[in-house]
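Lettering follows sequence order; numbering is per chain, from 1.
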2 protein chains.
Amino acid sequence: MPSPTMKDVAREAGVSTATVSYVLNRKSIVSDETRVRVLEAVERLGYIRNATAQNLRHQRTRLIGFAWSEKARDKPNAILDNFAYHLTRSASEIGCRVLTFTHPDENPIPHYEDLVRTQRVDAFVISGTEPEDPRIHFLMDEGFPFVAFGRSTPGWAFNWVDTDGDAGMAAGVEHLVSLGHERIAMVGWPETSLSGSYRVAGYRRGLDRAGLPFKPDYLVRTLHSEETGREAFARLCALPPKRRPTAVICVSDLVAVGVMHEARERGMRLGDDLSVIGFDDEPMSQYLNPALTTLAQPLDEIASMVITILDDLIAGSTVLHQRLIAPRLIVRESTGQRR
Amino acid sequence: MPSPTMKDVAREAGVSTATVSYVLNRKSIVSDETRVRVLEAVERLGYIRNATAQNLRHQRTRLIGFAWSEKARDKPNAILDNFAYHLTRSASEIGCRVLTFTHPDENPIPHYEDLVRTQRVDAFVISGTEPEDPRIHFLMDEGFPFVAFGRSTPGWAFNWVDTDGDAGMAAGVEHLVSLGHERIAMVGWPETSLSGSYRVAGYRRGLDRAGLPFKPDYLVRTLHSEETGREAFARLCALPPKRRPTAVICVSDLVAVGVMHEARERGMRLGDDLSVIGFDDEPMSQYLNPALTTLAQPLDEIASMVITILDDLIAGSTVLHQRLIAPRLIVRESTGQRR
DNA sequence: TTGTAGGCGTTATCAT
DNA sequence: ATGATAACGCCTACAA
């Protein structure tokens with residue numbers, strides 16, 4: 001049998017649909033007696049409002065669009081997945097749900113455009129942002145509400161929340177310095193990576209703060225993979241023995257794993273001959289051998305902040321929110337006193 | 001400015017909204033001349049149909065509900081997250097999107113009930129099923145379409161797709177046997193776990209097929225964690241030296257990691273003194289040291305199958321689909337010739 | 001305080 | 001072949 005509608009409730013309670021609506025929307029103009037009659041009818045019939053009809057009437061869906069890029073699903077991807085979870089969780093706190101969709105890495109716009117045009121979502125949350133990100137471009141152009149997890153071209157006036165890679169790396173360096181390390185190298189991403197560049201900046205700032213000079217050959221830039229991490233560390237090992245780093249801070253856990261593998265193969269004892277720090281706290285990083293010291297992105301906080309801003313935005317606010325949230329340093333076994 | 005509606009298009013083309021609708025829905029009753037006029041108007045105004053209105057009219061949303069349980073987010077959870085991704089991807093192939101939501105582990109029903117009652121989704125995909133699963137109970141009761149990733153109480157007549165844990169473990173054992181192992185132990189989950197019991201069955205079937213006897217003290221049951229994996233292996237090491245297993249097949253990668261850690265601490269060389277197999281292929285498992293041999297759940301296939309069944313279901317089919325899909329054995333370095 | 005009625009944007013039935 | 005019109009279920013001016 002089909003679900004009861006407001007009409008059914010109205011008939012059951014002997015009132016008009018308007019009255020039912022008033023009761024349901026807590027309009028205080030209804031007499032107590034009628035209200036009770038209506039609520040009883042609602043109860044008896046097990047009536048619940050149809051969301052689609054409400055959506056049509058209100059011209060909003062209480063749905064937030066969130067995309068999974070189809071790229072790099074072969075690599076550990078816990079950050080994005082975990083963020084999707086926390087986003088969904090936070091969204092429920094403002095009475096919204098998340099509509100997920102996927103799109104190829106090249107040419108995502110049509111997928112966003114369709115959702116905008118068909119008015120299927122009220123807003124978007126985007127992640128994996130890049131400089132000149134076409135999605136940001138498109139959404140700003142459309143004046144469509146969105147918040148980004150991640151920054152883009154500096155100066156673009158859109159709402160974002162991001163992990164403070166700079167602060168994170170600086171904290172990592174500080175940790176290493178406190179363990180007595182002075183020859184601290186970094187394995188970073190290519191210069192084209194925005195988040196990578198913030199992390200490099202943090203590395204340099206960390207050195208600076210400790211009064212250590214920045215040495216260009218201590219900074220190796222490479223792609224995001226285990227293999228490239230190995231290679232990067234091999235390059236660092238090619239330095240004269242006296243100049244070889246005693247600690248390496250990495251732009252990601254995956255790269256850190258590569259560094260650790262290479263180090264072990266060269267007979268070094270991790271956390272002892274060599275300290276290693278990662279970034280991301282991949283779920284398995286705590287179970288590596290040795291357990292990896294790393295900088296965890298506070299995805300719950302980020303998601304919650306994103307939703308707060310979105311709520312504001314949907315309500316019509318026009319203030320710009322741009323927020324950095326510092327990662328947490330999780331000290332495990334891969335870092336230790338300099339020997 | 002608000003989006004154009006059918007009315008706007010009708011005015012622009014000088015026809016009625018009905019005609020516009022006919023054209024858009026490819027009804028062949030419209031004359032070529034009018035069709036062209038309408039399509040031009042659509043083009044000029046950049047008109048796209050409003051999804052909510054369509055939903056209301058059709059009494060369907062083309063949305064599939066999928067829940068993330070809030071439990072165990074601290075443990076590696078790649079299976080569920082990855083499945084969510086593949087589900088979203090597959091759904092798009094039948095023109096559906098996925099609406100995600102979260103719910104506490106205890107008492108999930110109200111969350112499902114709300115979505116059913118408000119008619120916000122056309123169907124559900126559920127995962128993390130258990131025997132007597134209340135969600136299955138509820139949805140069957142309601143006659144609401146759903147497909148489960150995972151089995152439940154044997155005999156319950158609902159649609160599901162599941163990883164064939166039995167076949168997977170049997171294949172794992174076969175691999176170990178082919179390497180010359182005869183003293184093969186298993187670390188499994190408690191008897192209450194349904195998927196755990198299929199995996200144990202596969203372990204026993206694998207032994208059987210190889211003509212090896214099942215020894216009760218080679219089967220250790222424990223919870224899903226690294227620590228309990230360690231303890232389980234410690235228990236196996238308490239056996240008399242001559243009876244100690246040379247290979248351990250585990251119910252999950254996480255447990256396998258525990259086993260490997262314990263083994264290493266006892267001075268064993270993995271893949272040499274001891275072979276270890278996991279289950280799940282967590283993203284980082286390939287980067288463990290040694291890289292873990294494991295059984296990968298074919299989540300893309302499972303998701304695709306789930307969606308195919310769902311499509312059938314939404315179309316009104318009443319056939320029961322229950323499908324097992326075998327995991328893939330991925331041989332890495334943690335298994336080797338018996339010494 | 002309650003009811004009537006129009007409209008949100010689309011589709012489908014029935015006329016013409 | 002095309003157009004009026006009545007739903008789909010809800011909300012809200014406005015009238016009573």
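The side chain of Q59(B) contributes no N or O atom lying less than 4.0 Å from OP1 or OP2 of dA7(D). Side-chain nitrogen and oxygen atoms of T19(B) include at least one within less than 4.0 Å of the OP1 or OP2 phosphate oxygen of dG3(D).
Using a 4.0 Å heavy-atom cutoff across all strands shown, V20(A) reaches no nucleic acid atom at all. Among the heavy atoms of the strands lying under 4.0 Å from T34(B) are primed sugar atoms or P, OP1, OP2 only; no base atom is included.
We find that CD of E33(B) is positioned 13 Å from P of dA1(D), with the value rounded to whole Å. Atoms CD1 (I29(A)) and P (dA15(D)) sit 15 Å apart, rounded to a whole Å. The distance from atom CG of L56(B) to atom C1' of dC10(D) is 9 Å, rounded to the nearest whole Å.
Ring pair F158(B)/W156(B) is perpendicular by interplanar angle, where above 60° counts as perpendicular and below 30° as parallel.
Between R97(B) and D122(B), none of the side-chain N atoms (NZ, or NE/NH1/NH2) sits under 4.0 Å from a carboxylate O, so this pair counts as no salt bridge.
Contacts of R117(B) classified as side chain to side chain donor-acceptor pair (under 3.5 Å), with partners at least two apart in sequence or in another chain: E113(B), E142(B). Every residue meeting the side chain to side chain donor-acceptor pair (under 3.5 Å) condition with D81(B), not counting sequence neighbours, appears here in chain and number order: W68(B), R73(B).
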- Going 5' to 3' along nucleotides 10-16 of chain C, which nucleotides have protein heavy atoms under 4.0 Å from the base (write B), which only from the sugar-phosphate (write S), and which from neither (write -)? BBBBB--
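Shown are T163(A), D162(A), D133(A), T129(A); of these, the side chain to side chain donor-acceptor pair (under 3.5 Å) with R151(A) is made only by D162(A).
The CE atom of M6(B) sits 8.0 Å away from the OG atom of S16(B) when rounded to the nearest 0.5 Å.
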